[in-house]
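Shown next, in structure tokens, is the structure this report addresses.
Computation of the quantities below employed the complete heavy-atom set of this structure, encompassing side-chain atoms and omitting hydrogens, waters and symmetry-equivalent molecules. Letters A, B, ... mirror the listed sequences (proteins, then strands); counts begin at 1.
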Amino acid sequence: MFGELKKISEVEWEVQRGYVEDMAVPGRIFLSEHLGENLELGAVKQLANVATLPGIVSYSLGMPDIHWGYGFPIGGVGAFDIENGIISPGGVGFDINCGVRLISTPLKRDDFSAIKRLINTLFATVPTGVGNVAPKKFTDNELEDIMNEGASWAVKEGYGIPDDVHSCEENGMMKDADTAFVSTKARQRGRPQCGTLGSGNHFLEIQYAAEIMDEEAAKKFGIEKDQICFMIHCGSRGLGHQVCTDHIKDIENATKKYGIKIPDRQLACAPVKSPEGEAYFGAMAASANYAWANRQMITHMVREIFERDFGVDYNEMKLIYDVTHNVAKFETHEVDGRKMDLCVHRKGATRAFGPGSPEIPHNLTDVGQPVIIPGSMGTSSYLLKGTQTAMEKTFGSTCHGAGRIASRSSAKKSHSGADIRQDLLNKGIYVRATSNKVIAEEAPDVYKPSSEVVDIVHLAGLSMKVARLEPLGVIKG
Amino acid sequence: MPFEELNHTADYLYRCSGSTIEELFTSAAMAMFSLMFDERDKGPVKIDIELESEDFETLLYDLLSELIFISEVERVVFSGIKIIIENHSLRAVATGERFSMDKHGGGTEIKGISRYGMDIEQKDGKYQVDVIFDV
């Protein structure tokens, strides 16, 4: 499926200029020959289309979990000069700051046998699936604070411990949030949903550390073999979806207004330094903050259950890290030997800043930031560390997950949710979901194996393996 | 029903058709309702919608986005819709039942309506449009 792509190394391929008209820079995709068999031409075209947008620097980048998305490919990274470049909602997606966090517990696999009881309690406690609402509907004023302060709002209100905030990308709060650009509709959707998991590929999983690949980094991150952990994967819920829906229209008008030529309507964009671009960025950042608060609220619910049912001290459950994989951010990177201020879009891609980056927690400065890559249902997840290579090649970015290879509808036709649930149970993985339909849609084999995706970023040096986590139980919407 | 599901890796793609623009919009809305909830009975809920947009594609995007919004905040499971379109103005009455966690809990959450490929075409006296629902 590589067709016209030029091989740079075993795991790096170039989409040369001219693949589509008006490419300002080439594209680069990190992929093995084996995973390349599933590479969609539509996704390559999307990656090439991104390379035509004004102000793009270096490369339009594709991670090994690349697939066809909305505007940008999923697994896509594009960095644009803040002075003359653009910002695009298509480079972020509908689920703004969809992300993942990993929390450790002091429990070890050997002294933990109550997975069914725990999963049933979590399923009954953590609001999951369409139409489910949080235990508390927040007021307009509270929502305003949530959108401005993110995870730190939740911690301040008693839904966490102070260290949690420092263990989030951006300290769980993008300072440039501007709630003036969040519509009444988005607020209406946001008030009842802060502390809900949602549906689709979102999940809450109980895992154990099955393998430690890098003892030194694992020790610094605070994880050891056989340790019980939990992972939360969700985003900004209806609030973020509405912000994207609202702003796409304004940005489309701006694209015409500023005479920006785009090859696909979904790549509608505005100059970073334009009223429309700034409005979208402010609202996107507010949604990102909401998502950090959302994951923090869910963390609190899970910690309370561990404390109540398993006698674990709340404060002994440390947030290892929280990463976002759908976001645009202003970052400074070195390009051709000179420092540039860039608007970096990561769409289904994870920040993977290396050692010495001022943005990562001080105690990890000699290791690199923790990177969390969730597996598909029933498969391995990984904890990795960011690298200098990522800083040089991908604006400090890596993959975000397994990457879908078969459609949801074909998955439903070829899989029975009940059978998958039983198969997983036979492997010792207990699944609770709002329907068998969602289990069928998220069947493990409709995704690229997470282990192969992670092998490629490891080989390419974009992030290095620290630990492999295996699931024991999962709840899904 | 004049809509069919086509293959799409990450999301849901429906080809919708109708002999009039109103029928086309109705097909797209009904496709979305079928995707959102398996169980959708007729009910007492009636919601009036009025929209105006610069072109039919945007009008359809606005209608579907509005239905997602109303379904969520008013907690409604839609099962039917009547639509009148004049120029680029739309009036609609969407009907359905109240959302119940027990009955509708396994529904599919639609994050948004894709603008990609959403071009309304006229072929052999019929209107047709492909709609991708981002889930």
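Counting heavy-atom pairs closer than 4.5 Å to chain A, the top-ranked of the candidates B/E54, B/M118, B/H8 is B/H8. When each of B/D11, B/L13, B/D62 is checked for heavy-atom pairs under 4.5 Å with chain A, B/D62 comes out on top. Note on A/S409, A/G90, A/P192, A/G129: by heavy-atom pairs under 4.5 Å with chain B, the leading option is A/S409. Top candidate by heavy-atom pairs under 4.5 Å with chain B, chosen from A/R404, A/K185, A/H67, A/R191, is A/K185. Each of A/I74, A/T128, A/D95 has some count of heavy-atom pairs under 4.5 Å with chain B, and the biggest count is that of A/D95. Contact count against chain B (heavy-atom pairs under 4.5 Å) is highest for A/K249 among A/E441, A/Q193, A/K249.
In this structure, chain A has a heavy atom under 4.5 Å from the side chain of B/V73, while its backbone stays farther away. With a 4.5 angstrom heavy-atom cutoff, B/E109 touches chain A via backbone and side-chain atoms both. At a 4.5 Å heavy-atom cutoff, the contact between A/Q242 and chain B is made by side-chain atoms alone. For B/I70, no part sits under 4.5 Å from any heavy atom of chain A, backbone or side chain. Of the atoms belonging to A/V446, not a single heavy atom falls under 4.5 Å from chain B. With a 4.5 Å cut-off on non-hydrogen atoms, A/I405 touches chain B through its backbone but not through its side chain. Interface remark: A/N132 contributes backbone and side-chain atoms alike to the contact with chain B (heavy atom separation under 4.5 Å).
Aromatic ring centres of A/H400 and A/H233: separated by at least 6.0 Å.
B/L67 is listed as a side-chain neighbour of B/F33, based on a closest heavy-atom distance under 4.5 Å.
Stacking of B/R115 on the aromatic ring of B/Y61 is recorded, both the 6.0 Å distance cut-off and the 45° axial limit being met.
Of the charged side-chain nitrogens involved, none lies within less than 4.0 Å of a carboxylate oxygen, so that A/D264 and A/K45 do not count as a salt-bridged pair. A salt bridge does not link B/E57 to A/R265: none of the charged nitrogens lies less than 4.0 Å from a carboxylate oxygen.
No side-chain N or O of B/S17 forms a donor-acceptor pair with one of B/K123 less than 3.5 Å apart.
Within the 3.5 Å criterion, the main-chain N or O of B/E23 finds a donor-acceptor partner in the side chain of B/S27. Judged by distance alone, with hydrogens and angles left aside, the side-chain atoms of B/R75 form a donor-acceptor pair with the main-chain N or O of A/G131 at under 3.5 Å. Remark: side-chain polar atoms of A/D65 are not paired, donor with acceptor, to backbone N or O of A/G403 under 3.5 angstrom.
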